[in-house]
A.B. asks: 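Please read through the structure below; I'll follow up with questions.
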2 protein chains.
Amino acid sequence: MSIRLPQGYRFAGVACGLKASGKKDIALVVSDMPAVAAGVYTQNQVVAAPVLWCRERTPSSEIRAVVVNSGNANACTGSQGMADAQRMCELVAQAVNCSKEQVLVMSTGVIGRLLDMRKLESGIEHAAQQLESSSPKFLDAADGILTTDQGRKIVSRTLELGGKEIGLAGMAKGAGMIGPNMATMLCCILTDARLEADQAHRILTTVADLSFNNISVEGHTSTNDTMLLLANGAAAEAPLSGPDEAYFTEQLTELCIELAKQIPADGEGAKHLIEVRVVGASCNADARIIAKTVAGSNLVKTAIYGNDPNWGRIVSAAGYAGPFVDVTQLQLRLNGIALYDQGEPLPFDAKQASASLRDHDVAVVELVVGKGEGNCTHWTSDLTVEYVRFNSEYTT
Amino acid sequence: MSIRLPQGYRFAGVACGLKASGKKDIALVVSDMPAVAAGVYTQNQVVAAPVLWCRERTPSSEIRAVVVNSGNANACTGSQGMADAQRMCELVAQAVNCSKEQVLVMSTGVIGRLLDMRKLESGIEHAAQQLESSSPKFLDAADGILTTDQGRKIVSRTLELGGKEIGLAGMAKGAGMIGPNMATMLCCILTDARLEADQAHRILTTVADLSFNNISVEGHTSTNDTMLLLANGAAAEAPLSGPDEAYFTEQLTELCIELAKQIPADGEGAKHLIEVRVVGASCNADARIIAKTVAGSNLVKTAIYGNDPNWGRIVSAAGYAGPFVDVTQLQLRLNGIALYDQGEPLPFDAKQASASLRDHDVAVVELVVGKGEGNCTHWTSDLTVEYVRFNSEYTT
């Protein structure tokens, strides 16, 4: 597999023994020149040490590297946790010849345990020796950030902007917003476009809101969620402006939706990706709350798992979400089959509806909640016996 | 089993064939004299026909009967559903010789299907013939409102008030706030105390807030939730006042907490009742949101199911609940074992903590979130493989 990578970045992914499985647990991304970096972070008040480190340093114009470890979230680890996050950045800084303030760090895994710094020291040193600007090393890095994920999560594309070819590549991890062996959605997007720091932050905030902020597995916001955008300008001399910025933002949004959907599709134990489309709400914010509430209902998620068109659960979830729902206008379609219209149930073939759920990996829930302009699409996974089994058997 | 029932009420519970299982599916409660009645109802915007009927008629001083059917929620049933709810009240009114406006109705079961009124007509007639003021008939009625419940849910006690013996008895149902065969928490409390209608409403609102509003199974607010309080004054000539009202409210609160806890303890597939005690929040409302969020986390619920003291999930849930949490003051105890204190993890014996969860039906989560006065206790059930199985196999 060959990927068109943005210019000026090198990658490595290695195993240092943080994971009992022996799988890769360190990822290192280095920009050959100082890059603009923007970040968006968990809204949890209980935040992990690496989030505190990054939050203080972005947006920035001076970032040289991002180091990630999986297998341990370095969250709820107190003052030792802060010292360890800083030490990780120091080790990378020594290896790539920059200052520790030019290094960002992300961690993912179990909460409340101290990092094994001895393993990390040798692991980071080893990763630094492996750095290369090549597809295999990019894939190694993408593997190094995974925890309970079944598969790696990557995207890439190229754009024509102002006569230049601009590269975009991203990696993400996550199979639960918080899960048994990890505690995090992490995402790192790289581009060789040239952006100003504030501009990068503005673009990233817009894009996150339309992509990663619209996914969930079980809705448990983690202590470590981090999404970074690095732009090193290796492919362009001038910063993006005007229509180019709009086009770049639009392309980046598409790319991030593609990447974000890989997370609930790979949700722990998931059998279906559920796409909840809400239209007709008073505003987009209302539509988002309704879509998220329907997607967050265990009864909706178990019905989809069981291929059961038990549509009363969907309509009633919309009804308790909070924002105004015009019950005289309510319409529901499931995989294109009309089930409810203007407050009255419609006759439908339950066996056919069930077969449609069984035969598709994606279940599409379409809700009209009124005549407003607000709309939102949220992606989640179904709730399965395997999810419960998996999440009930972990730390002991 | 003999229960001290409040005076002036008769009861019946029969099977009319709404449930495929042949179990009782109609309950009838009749007051020999017009009773004061207060109700609190679901906050869902999508409300079932019987809720619309009752909401218009409470508080009242003229209620003679409450009829309940299980097996069908009469929700999302449009105009036919409203006509059916009214018809149920008419049938009861004919049988007990009052007007249909003096009858309240509750329904619970699957959403979106029309009631089989032919079965209900003969069932209500049959129930009216069975009415008696006796413990066996009270238990029949309590059985008639159940759906996926494993066991009946009842409470009773007597109070001395102003030299009179006052009786209190209650019945409830619910194994999910919404479940596969039903859609509802229903509760009916009866007393022979004398209350004014507004007073009954004030007392019920206070009591509901401290009992049924603090329980959940999966947090899906139903279309049918209804809690009724009937006070027929058969044991007292004068309405309650002053300190007697305070004492009555306190006793009723205790009784309702006892009844409410039976619901998550019998939650679909539940192995543990989880008691989440939050103290130190800025106010009670904040404490309630934090307790409810911790109780609502699938990751907390699956960990308890697995007897796994995976405490990072609890702390992180408190952190994303929304209200201010003082992370420098955060303390967590699980079944009395201290796990986290002032932002630092504590050493603990994981095997011992796991054994404690395994050996107790109730898991007690104690969270200190700051130095405020706000506190709240919320009861929920764990999330088990059986819950998912049960809820994925229903309408088809």
Side-chain angles (χ1 to χ4, degrees), chain A residues 42-47 73 75-79 110-113 176 178-180 183 218-223 297-299 302-303 305-313 315-320 324-325 327 330 340 343-345 350-351 354 383-385 387-389 391-396, chain B residues 43-47 73 75-79 110-113 176 178-180 183 218-223 297-299 302-303 305-313 315-320 324-325 327 330 340 343-345 350-351 353-354 383-385 387-389 391-396:
Chain A
T42 181
Q43 296 298 303
N44 202 311
Q45 294 176 78
V46 178
V47 293
C76 298
T77 44
S79 47
V110 67
I111 296 179
R113 294 198 187 155
I178 188 169
E218 76 293 275
H220 193 118
T221 303
S222 103
T223 50
S297 162
N298 280 356
L299 290 173
T302 49
Y305 166 53
N307 304 314
D308 183 356
N310 196 343
W311 59 267
R313 297 178 175 182
V315 170
S316 59
Y320 75 77
F324 174 69
V325 164
V327 293
L330 257 181
Y340 193 65
E344 304 277 347
K351 285 212 169 50
S354 179
L383 175 59
T384 69
V385 164
Y387 173 91
V388 175
R389 230 178 242 140
N391 279 292
S392 61
E393 294 165 0
Y394 173 53
T395 66
T396 48
Chain B
Q43 297 299 302
N44 202 311
Q45 294 175 77
V46 178
V47 292
C76 299
T77 44
S79 46
V110 67
I111 296 179
R113 293 196 187 156
I178 187 170
E218 77 294 273
H220 193 118
T221 304
S222 101
T223 49
S297 162
N298 281 355
L299 290 173
T302 49
Y305 165 52
N307 305 315
D308 183 355
N310 196 343
W311 60 267
R313 296 178 177 182
V315 171
S316 59
Y320 76 76
F324 174 67
V325 165
V327 292
L330 257 181
Y340 192 66
E344 303 278 346
K351 285 211 166 51
S354 179
L383 175 59
T384 69
V385 165
Y387 173 92
V388 175
R389 231 179 239 138
N391 280 292
S392 62
E393 293 166 1
Y394 174 53
T395 65
T396 48

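Reminder, nothing fancy here: chain letters follow the sequence lines and each chain counts from 1.
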A.B. asks: If you take all heavy atoms of Gly112(B) and Pro345(A), which pair is closest and at what distance?
C.D. replies: O-CB, 3.9 Å
A.B. asks: Between Thr384(B) and chain A, with a heavy-atom cut-off of 4.5 Å, which part of the residue counts as in contact: side chain, backbone, both or neither?
C.D. replies: backbone
A.B. asks: What pairs with Thr77(A) under side-chain hydrogen bond (donor to acceptor under 3.5 Å, both in side chains), at least two apart in sequence or on another chain?
C.D. replies: Asn74(A)
A.B. asks: With chain B, which of Ser297(A), Ala318(A), Gly343(A) has the greatest number of heavy-atom pairs at distances under 4.5 Å?
C.D. replies: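 Top option by heavy-atom pairs under 4.5 Å: Ser297(A).
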A.B. asks: Do Asn298(B) and Asn391(A) have side-chain atoms, one donor and one acceptor, less than 3.5 Å apart?
C.D. replies: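 Short answer, no.
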A.B. asks: Taking atom CG of Leu330(B) and atom SG of Cys76(A), what is their separation to the nearest 0.5 Å?
C.D. replies: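 Reported to 0.5 Å precision, the distance equals 8.0 Å.
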A.B. asks: Applying side-chain hydrogen bond (donor to acceptor under 3.5 Å, both in side chains), can you list everything that pairs with Asn44(B), at least two apart in sequence or on another chain?
C.D. replies: none
A.B. asks: Given heavy-atom pairs under 4.5 angstrom as the criterion, report whether the side chain, backbone, both or neither of Val327(B) touches chain A.
C.D. replies: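 The side chain, not the backbone.
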A.B. asks: Return the minimal non-hydrogen interatomic distance between Val46(A) and Gly319(B), and the atom names on each side.
C.D. replies: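 Smallest heavy-atom distance, with atoms named: CG2-CA, 3.8 Å.
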A.B. asks: Does any non-hydrogen side-chain atom of Asp308(A) lie less than 4.5 Å from one of Ser392(B)?
C.D. replies: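 A side-chain contact under 4.5 Å is absent here.
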A.B. asks: Show, in sequence, the C-alpha distance, side-chain angles and deciding distance for Tyr305(A) and Val388(B), and conclude whether the side chain to side chain contact (heavy atoms under 4.5 Å, CB included) test is met.
C.D. replies: CA-CA 9 Å; Tyr305(A) 166 53; Val388(B) 175; 3.7 Å; yes
A.B. asks: Using heavy-atom distances under 4.5 Å, tell me whether Tyr340(B) contacts chain A through its side chain, its backbone, both, or neither.
C.D. replies: side chain
